[in-house]
Amino acid sequence: MIDRNLLREEPEKIREALNNRRSDFDLDRLIELDEKRRELLEVEQLRARRNQLSQQIGQIIRDGGDAEALKAEVAALKDQIATMEPELEQVEAEFEQMMLEIPNIPLAEVPVGESEEDNVVVKAWGEPRQFDFDALPHWEIGEKLGILDFEGAARIAGARFVTNIAAGATLERALINFMLDTHIRKHGYTEVFPPFLANATSLTGTANLPKFEDDLFKTLDGYYLIPTAEVPLTNMHQGEILAAADLPKHYCAYTACFRREAGAAGRESRGMIRLHQFHKVEMMKFVTPETAADELQKLIENAEAILEMLDLPYRRGALCTGDMGSQPRQTFDLEVWMPGMQIWTEISSCSQYGDYQARRCNTRYRPAPEAKPEFVHTMNGSGLATGRTVAAILENYQQPDGTVEVPEALRPYMGGMPVIVPPLP
RNA sequence: GGAGGGGUGACCGAGUGGUCGAAGGUGGCGGUCUUGAAAACCGUUGAGCGAAAGCUCCGGGGGUUCGAAUCCCUCCCCCUCCGCCA
């Protein structure tokens, strides 16, 4: 949700943002509804008159008088109000709906572009590994080692699931603990273990609803499986007015994430890259507007620290206006090199939203003790997606004999295991 | 799942048809006192929309009424007891 005052004050700024995003959002309709809505507010005059008369009636009755004439006048007013209100309600409903669907306005420094072709690499770290043997993709490595079972998972659930077994399960669990410990102990985040299901209000708060319902799994009871820990974390202070002293709040959570991936068939579909259920350690911050840029920078570096500790080569890309999701104001993706697949794969996505989500969640803060409440700014980023990290480790640390070395930083979390070997026959 | 009790401002908590946007307290802010602070005392302090007048908001929605925080219906949430269960 954006500031509705912008509709009147800077419509061209919104229009430009929509153009840059290649969005087909009907801004003219929204502006028209806003004007209509404001016109229809004249019903407030009638309400004022009605309130006034009701007060008088009360006074007359208390004084023992006859208020029938006034009652008749109020009745007439009520009829008049009743004919005007439905139109106002209808206009307001459509207005609210469109306000829930309008994309965020990208920051000025976001590169303008059409598609992922126009994203800009702003940083690269590490040397992509060279192998003197044919590097395998992670699914082949995992299956040969008996630690990733895609067929078994298909029997249990269906396509786009995986079962981690033995060292494969340990590896993912080790990554979760390693990432959480690092963010909590070294980077100063507060650990959170939230619900993995959320209600429609929360999904609306993060802007997954109403527009992206098709991406979500929904239960018969009306709950949604969370597509990311961003959903529970961003809704932790729904409806609250925080004190300035409460900010910033830095949260970090491990959760399973569930996505329908409708329409993603065929694309990056092999292995652990695109699954209905994946696992992720997420960082999320509530901050004041002045600190947002700085806080995002730190958040990205916190994610990069994990990749560096695991010695996985990566690059940081600034997403362009056409490739960015509709909610963020700015997004940076971290992509890790997959020597087996021979591609860079997104392993973290770090975004700031400005007040876009805070408006939906109604999460505010008081800049000073007596000041008017302002919306907080929110941001989040994966730190990291653990499934894709498993894949990256398998591909980057594979050895000619088919075994996989365990990164140094992870060994304490793997019971000291230095290398993953196939099970004994 | 069954029975009962509740949801009020940043927080706690009063309020069962009008004078209630809401007592009282806590917290915040300002002041008196003090070298300073604490304590005490005095004052002040909800949010949204609107240029303003004003309108809206006492969990959400609907209804009764001239008038609803207060009455009725419905949904959601919380608590207690029972049942079930990791």
Side-chain angles (χ1 to χ4, degrees), chain A residues 1-9 30-31 33-100 193-205 209-210 218-224 232 235-247 249 256 286 288 355-356 358-376:
Chain A
M1 193 134 40
I2 62 172
D3 184 351
R4 60 174 62 180
N5 288 322
L6 285 179
L7 294 172
R8 263 162 289 136
E9 290 162 7
L30 182 61
I31 290 173
L33 285 169
D34 184 41
E35 282 165 4
K36 225 166 158 184
R37 188 180 63 85
R38 293 161 60 82
E39 281 168 23
L40 289 169
L41 287 180
E42 69 185 76
V43 74
E44 288 186 359
Q45 310 299 326
L46 301 181
R47 285 183 190 152
R49 179 71 183 145
R50 179 198 59 193
N51 292 345
Q52 205 182 2
L53 288 175
S54 288
Q55 293 244 340
Q56 287 176 22
I57 290 171
Q59 189 59 48
I60 290 168
I61 289 174
R62 247 172 286 127
D63 296 344
D66 173 29
E68 289 312 311
L70 283 185
K71 282 192 186 182
E73 194 180 333
V74 173
L77 268 176
K78 279 182 76 177
D79 285 346
Q80 218 180 329
I81 292 170
T83 59
M84 293 175 76
E85 270 178 344
E87 196 187 352
L88 176 61
E89 275 166 27
Q90 199 189 327
V91 168
E92 264 179 344
E94 194 185 340
F95 178 77
E96 297 297 337
Q97 185 65 26
M98 287 192 80
M99 283 299 279
L100 286 175
F193 201 106
F196 290 8
L197 272 67
N199 59 32
T201 304
S202 294
L203 272 302
T204 305
L209 291 179
K218 187 178 185 178
T219 74
L220 291 172
D221 302 300
Y223 295 110
Y224 293 86
N235 281 284
M236 282 188 31
H237 299 292
Q238 202 185 94
E240 291 184 30
I241 300 177
L242 304 167
D246 294 335
L247 298 174
K249 284 185 179 290
F286 294 94
T288 58
D355 61 11
Y356 187 81
R359 284 178 185 278
R360 294 165 159 260
C361 297
N362 197 22
T363 301
R364 294 172 290 175
Y365 77 106
R366 233 176 264 285
E370 295 294 276
K372 282 267 174 205
E374 304 274 354
F375 290 105
V376 301

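The structure displayed is predicted, hence computed values, not measured ones. These numbers come from the heavy atoms of this one structure, side chains and all, not from hydrogens, waters or symmetry mates. Below, read A as the first sequence line, B as the second, and so on, with proteins coming before strands; counting in each chain starts at 1.
Regarding A/Ile241, its CD1 atom lies at a distance of 13 Å from the C1' atom of B/rG28, rounded to whole Å. Rounded to whole angstrom, the span from the CZ atom of A/Phe95 across to the P atom of B/rG50 amounts to 10 Å. Taking atom CD of residue A/Gln238 and atom P of nucleotide B/rC77, one finds them 13 Å apart after rounding to whole Å. Atoms CD (A/Gln55) and C1' (B/rG21) sit 13 Å apart, rounded to a whole Å. With rounding to whole Å, A/Ile81 atom CD1 is found 10 Å from B/rG67 atom P. Nucleotide B/rG48 holds its C1' atom 12 Å from the CD atom of A/Glu96, rounded to whole Å. Here B/rU19 presents its P atom at 14 Å from CD of A/Gln56, a figure rounded to the nearest Å. In this structure, A/Glu85 places its CD atom 10 Å from P of B/rG62, rounding to the nearest Å.
Residue-to-nucleotide contacts include a donor-acceptor pair under 3.5 Å from the side chain of A/Gln45 to the base of B/rA53. With hydrogens and angles ignored, a donor-acceptor pair closer than 3.5 Å exists between the side chain of A/Glu44 and the base of B/rG54.
For the pair A/Leu53 and A/Arg49, the minimum side-chain heavy-atom distance is below 4.5 Å. You'll find the side chain of A/Tyr356 reaches within 4.5 Å of the side chain of A/Ile2, heavy atoms only.
At B/rU65, none of the side-chain N or O atoms of A/Lys71 fall inside 4.0 Å of OP1 or OP2 (strictly under the cut-off). At least one side-chain nitrogen or oxygen of A/Asn5 sits closer than 4.0 Å to the OP1 or OP2 atom of B/rG50. The side chain of A/Lys372 contributes an N or O atom lying less than 4.0 Å from OP1 or OP2 of B/rG48. Between A/Arg50 and B/rU56 there is a side-chain N or O to OP1 or OP2 distance below 4.0 Å. Note on A/Arg366: a side-chain N or O is less than 4.0 Å away from OP1 or OP2 of B/rA47. For the pair A/Arg364 and B/rA47, the criterion of a side-chain N or O lying under 4.0 Å from OP1 or OP2 is not met.
The separation of B/rC81 from B/rU70, taken at their P atoms, amounts to 30 Å, rounded to a whole angstrom. Across B/rC20 and B/rC42, the matching P atoms stand 23 Å from one another, rounded to whole Å. Atom name P, nucleotides B/rG62 and B/rC57: the rounded distance is 10 Å, in whole Å. If you take atom P in B/rA10 and the same atom in B/rG1, they sit 33 Å apart, rounded to whole Å. Rounded to the nearest Å, the gap between the C1' atom of B/rC75 and that of B/rC82 is 25 Å. B/rA22 and B/rC76 have their C1' atoms separated by 25 Å, with the value rounded to a whole Å. Comparing B/rA69 with B/rG9, their P atoms are spaced 15 Å from each other, to the whole Å. Nucleotides B/rG7 and B/rG67 place their C1' atoms 25 Å apart, quoted to the nearest Å.
Distance from the side chain of A/Tyr223 is smallest for B/rC77 among the nucleotides B/rU56, B/rC77, B/rC49.
At the heavy-atom level, A/Asn51 lies under 4.0 Å from the strands shown only through sugar-phosphate atoms. Here A/Ile61 lies in heavy-atom contact (under 4.0 Å) with a base. Counting non-hydrogen atoms under 4.0 angstrom, A/Arg38 reaches the backbone sugars and phosphates but no base. Across all strands shown, A/Ala67 has no heavy atoms under 4.0 Å from either base or sugar-phosphate atoms. Among the atoms of the strands shown, none is found under 4.0 Å from any heavy atom of A/Asn362.
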- Query: Could you walk me through whether A/Asp34 and A/Arg4 pass the salt bridge (Lys or Arg N to Asp or Glu O under 4.0 Å) check?
  - Reply: CA-CA 8 Å; A/Asp34 184 41; A/Arg4 60 174 62 180; 5.6 Å; no

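The partner of B/rA37 cannot be assigned: no Watson-Crick or G-U wobble pair with both contacts below 3.5 Å exists in any strand. Remark: B/rG43 base-pairs with B/rC29; criterion is Watson-Crick or G-U wobble with both hydrogen-bond distances under 3.5 Å. Across all strands shown, B/rA69 forms no Watson-Crick or G-U wobble pair with both key distances under 3.5 Å. The partner of B/rC81, taking Watson-Crick or G-U wobble pairs whose two distances both stay under 3.5 Å, is B/rG2.
Between A/Gly58 and A/Arg37, the residue anchored closer to the 5' end of RNA chain B is A/Gly58, taking for each the nucleotide with the nearest heavy atom. In terms of position on RNA chain B, the residue among A/Gln59 and A/Val74 whose nearest nucleotide sits closer to the 5' end is A/Gln59.
Atom CG of A/Leu30 is separated from atom CD of A/Gln97 by 11.5 Å, given to the nearest 0.5 angstrom. A/Leu70 CG to A/Ile60 CD1: the interatomic distance, rounded to the nearest 0.5 Å, is 4.5 Å. Within the model, atoms CG of A/Asp355 and CE of A/Met1 stand 10.0 Å from one another, a figure rounded to the nearest 0.5 Å.
Judged by distance alone, the side chains of A/Asn51 and A/Ser54 never bring a donor and an acceptor atom under 3.5 Å apart.
Salt bridge present: A/Arg47 and A/Glu85 bring a charged side-chain N and a carboxylate O closer than 4.0 Å.
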